[in-house]
Amino acid sequence: MTEPTEPTEPAAPTPPARRPRRARGAAESLGQIVLAFESIIIFLAGLVAFGLKALPPSIPAWWTIAGGAVIAVLMLAVSTVLRHRWGIVLGWVLQAVVAASAFLMPAILFVVAVFGGMWAYATIKGASLDRRNARLMREQDSANGD
């Protein structure tokens, strides 16, 4: 007598090879962090300005919420293109827009000082770190004699 054989299961298909992640520089990584957190603060600042009725009476109060939301969304959008030089420039433009909003609500100056300083550090020091890392990689490649 032969023993019954157990049915064999078909081999599971192998998952497709994953594409390696793109290397990100320090300026891009730090800039994304700063803009993402600043977008939250700016949206909340728009809500605060609405509650405080910070705009002149001739401008409808809902513009503060709309303005805060638009700037916050723009910051999130710009954070995705920081690998390009023009993305960093757009980030600086957004920082200037936030600084200009301090004319309507002076408390924004605190946000400008904190996040503007972090943005400056992220872009300036991050670019310096990126140049240093690129130089070290070139030196490492040439040290092998290849």
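Counting from 1, the numbers follow the sequence of the chain as shown. Quantities reported herein were computed from a predicted structural model and do not represent experimental measurements.
W62 and V73 fall into different hydrophobic clusters, where Ile, Leu, Val, Met, Phe, Trp and Tyr side chains are chained together by heavy-atom contacts under 4.5 Å. V112 and V34 fall within the same hydrophobic cluster, defined by Ile, Leu, Val, Met, Phe, Trp and Tyr side-chain heavy atoms under 4.5 Å apart, directly or through other members. With hydrophobic clusters built from ILVMFWY side chains whose heavy atoms lie under 4.5 angstrom apart, L90 does not share a cluster with Y121. By the rule that hydrophobic residues join a cluster once side-chain heavy atoms approach within less than 4.5 Å of another member, V114 and I71 end up as members of one cluster. V48 and L55 are members of different hydrophobic clusters when ILVMFWY side chains are connected at heavy-atom separations under 4.5 Å.
To the nearest 0.5 Å, atoms CG (L35) and CH2 (W119) are separated by 4.0 Å. One distance of note links NZ of K125 with CG of D130; it measures 11.0 Å at 0.5 Å rounding. Rounded to the nearest 0.5 angstrom, W92 CH2 and L94 CG are separated by 12.0 Å. The structure places CG of N133 at 11.0 Å from CZ of R138, a figure rounded to the nearest 0.5 Å. To the nearest 0.5 Å, atom CG of residue L76 and atom CD1 of residue I40 are 8.0 Å apart. The CD1 atom of I108 sits 4.0 Å away from the CE atom of M105 when rounded to the nearest 0.5 Å.
Between G31 and A122 the shortest heavy-atom distance is N-CB, 3.9 Å. Between G91 and V78 the shortest heavy-atom distance is N-CG1, 3.8 Å. Heavy-atom minimum distance, F43 versus A69: CD1-CA, 3.9 Å. Residue A127 comes nearest to A27 through the heavy atom pair N-CB, 3.7 Å, listed as atom of the first residue, atom of the second, then distance. The two atoms that bring L104 and P56 nearest to each other are CD2-CD, 4.2 Å, heavy atoms only.
In this structure the side chain of L74 reaches within 4.5 angstrom of the side chain of V70, judged on heavy atoms.
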* Between F115 and V98, does a side chain to side chain contact (heavy atoms under 4.5 Å, CB included) hold up when you go through it step by step? -> CA-CA 10 Å; F115 283 98; V98 172; over 6 Å; no

* Checking side chain to side chain contact (heavy atoms under 4.5 Å, CB included) for the pair W86/V81: CA distance, chi angles, key distance, verdict? -> CA-CA 8 Å; W86 55 268; V81 294; 3.8 Å; yes

* E38 and Q95: side chain to side chain contact (heavy atoms under 4.5 Å, CB included), yes or no, with the steps? -> CA-CA 10 Å; E38 188 176 12; Q95 297 302 319; 2.6 Å; yes

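Within a 6.0 Å radius of CZ in R85, no more than 12 heavy atoms belonging to other residues, nucleotides or ligands are found.
Between the side chain of E28 and the backbone N or O of L82, no donor-acceptor pair lies under 3.5 Å. With hydrogens and angles disregarded, no donor-acceptor distance shorter than 3.5 Å links the side chain of S29 to the backbone of A26.
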